[in-house]
Amino acid sequence: MADTPDSNANLPARTAASEAQIAFARPGNLAAIIGRIEEVVEEETAGIRNDTAYDLKASNARKSRYLYELTRAMRGGSEAEFLEQHREGLTRLRQKLAKNEAAILAHLSAVNEVASLLRTAIQRAETDGTYSAGEFGRMRG
């Protein structure tokens, strides 16, 4: 349906600035997105700490999707305004991210320790004398 001057007579004129602000002028939406990010971070932290079969790949995909949503929702808005409007939620998120980082670092440390133990066990098994070059040399002489 084509726009005619009569059908748009009562509507305010569109401007690039007003359209850009529409995406940002949804503080409830931004708060909901921050809340979803908080939830997925909390879930990941608990999963890393308590579930050896936790799916980190799926968790990272969810976090990436929510961060993308947040970036899109903020488009066209003022970063300072966003920070001011969502200071409390961002503070909570920062605290949850710090706990998440600690859990991830502990997980990585444990994985490195297990890998080191396995590497040491393999090296010991290889150097138990069964297949060492020294053993072959002594048998010949």
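For reference, positions follow the sequence shown, starting with 1.
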- Examine Leu90 and Val40 and state if one hydrophobic cluster contains both, with Ile, Leu, Val, Met, Phe, Trp and Tyr joined whenever side-chain heavy atoms are less than 4.5 Å apart. yes
Practice problem: Decide whether Val41 and Leu56 are clustered together by the hydrophobic rule: side chain heavy atoms of Ile, Leu, Val, Met, Phe, Trp, Tyr closer than 4.5 Å, transitively. | Solution: no
**Prompt:** Is a side-chain N or O of Ser109 found less than 3.5 angstrom from the main chain of Leu105, in a donor-acceptor match?
**Reply:** no
To the nearest 0.5 Å, atom CD1 of Ile34 lies from atom CZ of Arg92 at 8.0 Å
task = State yes or no: do Ile104 and Tyr54 share one hydrophobic cluster built from I, L, V, M, F, W and Y residues joined by side-chain heavy-atom distances below 4.5 Å, directly or via other members?
result = yes
Margin query: I'd like to know whether Phe82 forms a side-chain contact (heavy atoms from CB on, under 4.5 Å) with Leu70, so could you lay out the CA-CA distance, the side-chain angles of the two residues, the decisive distance to 0.1 Å, and finally the verdict.
Written below: CA-CA 11 Å; Phe82 169 75; Leu70 181 64; 4.1 Å; yes
With Arg62 as partner, the option from Glu44, Glu43, Glu42 fulfilling salt bridge (Lys or Arg N to Asp or Glu O under 4.0 Å) is Glu43
As a quick check of understanding, evaluate side-chain contact (heavy atoms from CB on, under 4.5 Å) for Thr120 and Arg124, giving each step before the final call. CA-CA 6 Å; Thr120 301; Arg124 284 185 183 156; 3.9 Å; yes
Could you tell me if the side chain of Leu83 sits less than 4.5 Å from the side chain of Glu79, heavy atoms only? yes
Task: Side-chain donor or acceptor of Ser59 paired with backbone N/O of Asp55 under 3.5 Å - done: no
Discussion item. Within the 4.5 Å heavy-atom criterion, are Ile33 and His86 side-chain neighbours or not?
Written reply: no
Taken to the nearest 0.5 Å, the spacing of Thr52 OG1 from His107 NE2 works out to 9.5 Å
CD (Glu38) and CG (Asn100) are apart, to the nearest 0.5 Å, by 12.5 Å
Between Ala103 and Thr45, the two heavy atoms sitting closest are CB-CG2, 4.0 Å
One should read off an interatomic distance between Glu69 CD and Leu30 CG, to the nearest 0.5 angstrom, of 11.0 Å
Note to self: Contact between Arg65 and Tyr68 at the side-chain level, heavy atoms closer than 4.5 Å - yes or no?
What the structure shows: no
